[in-house]
Amino acid sequence: MPVHQLSDLIRYVRHNSPFYADLYADLPPDVDCLTDLPVVDQSAFWAANTLHGNRVLTAPLDEASVFKTGGTTGAPKFSCYTREEWREFVTAFGHGLVDAGLRPGHRVADLFYAGELYASFLFILDSLSHAPVSSVRLPIGGAAPLETTVPTLRDFAAQIVAGTPTTLCRLAEHLIAAGEQLPSVELLFFGGEALFDDQRRLLARAFPNAEPRTLGYASVDAGLLGRPVPGAADARTHRAFTPHTVVEILDDATDEPIREAGRPGRVVVTQLFRRLMPVIRYPAGDRAEWTDPEAGVFRILGRAEEGVRVGPVSLYSQDAQGAVAAADTEGRVVGMQLVVRRWDGRDGLVLRLAVSPDDPGSEDPAGLDVLAKSVVTELEEARPFYPDAVATGFVHPLSVEWVRHRDLTVNKRSGKLVRVIDERPTA
């Protein structure tokens, strides 16, 4: 399927999608400039994009692949692709895998998740099949027992292992606990989540010869977003999938497009190859900044919604990651979650921190207590409103809970780490 001209796409969706017809009702009939269009309101989009009485789709749902979307937050929703759209999607992404380091004949293990309408396993397998270089594909899946996954990786001398950072870290922890390594692995292709320094340290112990690399930036609802940039020092750096996709970074307050480097904003995407379920100026749910605006190169800064309100205080997972990085000078922490609880009439925040099974001090409560206090101090200095709220009696003091990486909560469907867990009663 060819990539559509923006003006043609706009005319088509105005005529065939009731949702976009209503959204653009007050616009002139011949709009052909992206910035003249309003940004989609996600709540309204998904309220209209229902299984019955759908107002977003441009045609009846009689030829399509349907996938669940929703990620680690919110209720799952459904995203549709025609056969041609899906082929275009995986072919473009497959070309990006070469930028990530895929080479002819590489043996690639797919440890993403399959079933229950989830897309990632099939998406990576199809992208490898449509890549411009040959490969040997090992469709293991993220739900396979680690006891069988490891022998398969070893028997086939897998050179690339692809999965979410959480899945890769669980595999690494399993290897470390067994006193094993997989030296044949050259690349760890990660996607679906950010990869942090603490996780890199854990992976390095299990895969001594492997380099973690992003396999690309995409989502089942927003579609293509960014391809890897060869040689980039920062794995968060991606290049827009031109001509399939238009990526915008918008000012948080004004929604005006940001055109200069180094200024953060929210990511908004337009897909020029999708017509069944149009994606035009759709918020991707991430924050980013341009590193080279002219070349379409940007750096992902994290999920826009990965935060939580504890009493009167707003905290974000990035705040806690920064505090751990500053306090953990020996690199002992290999995973983290924010857990919000409520007891005695007040909210409280618990930092759930994981240590590696081969950490020589993991059974030393006194040493862990010192590290926990340092992390709390760093976070309170970064977010002084929190200790102020403690002093006034609004929230409980910050605390730390030590666990293994396998104890961290993951999304049962996608296998991704749930970075913020709210355990407060809602009734």
Side-chain angles (χ1 to χ4, degrees), residues 1-90 92-93 116-120 122-123 218-225 241 244-248 250 255 266-286 304-305 413-414:
M1 173 176 287
V3 173
H4 306 289
Q5 292 292 327
L6 177 63
S7 57
D8 294 339
L9 181 61
I10 294 172
R11 281 193 294 271
Y12 181 84
V13 302
R14 292 183 80 165
H15 182 72
N16 293 284
S17 167
F19 172 79
Y20 281 100
D22 290 345
L23 184 63
Y24 300 159
D26 295 331
L27 299 178
D30 55 353
V31 172
D32 60 4
C33 182
L34 196 59
T35 53
D36 289 339
L37 303 176
V39 176
V40 165
D41 178 275
Q42 270 206 1
S43 297
F45 181 91
W46 289 108
N49 196 10
T50 53
L51 289 177
H52 306 287
N54 191 292
R55 293 178 53 80
V56 171
L57 300 185
T58 60
L61 192 61
D62 56 14
E63 198 294 302
S65 294
V66 180
F67 299 103
K68 274 186 183 179
T69 181
T72 55
T73 60
K77 308 167 186 72
F78 301 93
S79 192
C80 309
Y81 291 81
T82 66
R83 181 186 292 112
E84 293 80 8
E85 289 170 349
W86 183 257
R87 185 182 300 117
E88 196 74 24
F89 192 11
V90 297
F93 199 84
E116 298 184 62
L117 302 183
Y118 199 62
S120 64
L122 293 174
F123 176 62
S219 69
V220 71
D221 55 343
L224 288 167
L225 286 155
F241 271 101
H244 297 81
T245 299
V246 179
V247 172
E248 299 177 89
L250 304 186
D255 268 351
R266 63 175 181 145
V267 178
V268 170
V269 64
T270 297
Q271 300 293 347
L272 298 177
F273 69 98
R274 295 181 69 180
R275 295 206 309 180
L276 175 61
M277 194 186 99
V279 172
I280 302 175
R281 301 204 88 193
Y282 177 87
D286 292 309
E305 74 275 10
R413 180 170 57 85
S414 68

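All residue numbers in this chain count up from 1 along the given sequence. Values below: every heavy atom of this structure, side chains too, minus hydrogens, waters and symmetry copies. None of these values were measured; they are calculated from a predicted model.
- The one candidate from Val269, Thr245, Leu272, Val279 that meets the side chain to side chain contact (heavy atoms under 4.5 Å, CB included) condition with Leu224 is Thr245.
- Between the Arg14 side chain and the Tyr24 main chain, a donor and an acceptor come within less than 3.5 Å of each other.
- In terms of heavy-atom proximity, Ala119 sits nearest to Val220 at CB-CG2, 3.9 Å.
- A salt bridge links Arg266 to Asp255: one of the charged nitrogens lies within less than 4.0 Å of a carboxylate oxygen.
- Summarising the geometry, atom CD belonging to Glu88 is positioned 14.5 Å from atom CZ belonging to Arg83; distances are rounded to the nearest 0.5 Å.
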Starting from the C-alpha separation in whole Å, work towards a yes-or-no answer on side chain to side chain contact (heavy atoms under 4.5 Å, CB included) for Ile280 and Val40.
CA-CA 7 Å; Ile280 302 175; Val40 165; 5.6 Å; no

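- The line from CG of Leu37 to OG1 of Thr270 is 7.5 Å long, rounded to the nearest 0.5 Å.
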Decide side chain to side chain contact (heavy atoms under 4.5 Å, CB included) for Tyr20 and Ile10; before the verdict, give the C-alpha distance in whole Å, the side-chain angles of both, and the deciding distance to 0.1 Å.
CA-CA 9 Å; Tyr20 281 100; Ile10 294 172; over 6 Å; no

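- The aromatic rings of Phe89 and Trp86 sit perpendicular, their planes meeting at an angle over 60°, well past the 30° parallel limit.
- For residues 46-67, every residue pair satisfying the side-chain hydrogen bond (donor to acceptor under 3.5 Å, both in side chains) rule, not counting sequence neighbours, is listed here: Asp22-Arg55, Trp46-Tyr282, Asn49-Asn54.
- With hydrogens and angles ignored, the 3.5 Å screen pairs no side-chain donor or acceptor of Glu248 with any backbone N or O of Arg281.
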Given the rule in the side chain to side chain contact (heavy atoms under 4.5 Å, CB included) test, do Phe273 and Phe241 qualify, once you have shown the distances and angles that lead to the verdict?
CA-CA 11 Å; Phe273 69 98; Phe241 271 101; over 6 Å; no

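- With Asp8 as the fixed residue, the side chain to side chain donor-acceptor pair (under 3.5 Å) test singles out one of Gln5, Arg11, His4: Arg11.
- Residues that satisfy the side-chain contact (heavy atoms from CB on, under 4.5 Å) test with Val66, not counting sequence neighbours, are Leu61, Phe78, Cys80.
- Residues passing the side-chain hydrogen bond (donor to acceptor under 3.5 Å, both in side chains) test with Tyr81, sequence neighbours excluded: Arg274.
- In this structure, the side chain of Gln271 does not engage the main chain of Pro278 through any donor-acceptor pair within 3.5 Å.
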Run the side chain to side chain contact (heavy atoms under 4.5 Å, CB included) test on Leu276 and Glu85 for me, step by step, so that the C-alpha distance in whole Å, both residues' side-chain angles and the decisive distance to 0.1 Å come before the verdict.
CA-CA 9 Å; Leu276 175 61; Glu85 289 170 349; 3.9 Å; yes

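- With values rounded to the nearest 0.5 angstrom, Phe67 atom CZ is found 13.0 Å from Ser219 atom OG.
- Taking both residues in full, the closest heavy atoms of Asp36 and Leu27 are given as O-CD2, 3.8 Å, listed atom of the first, atom of the second, then distance.
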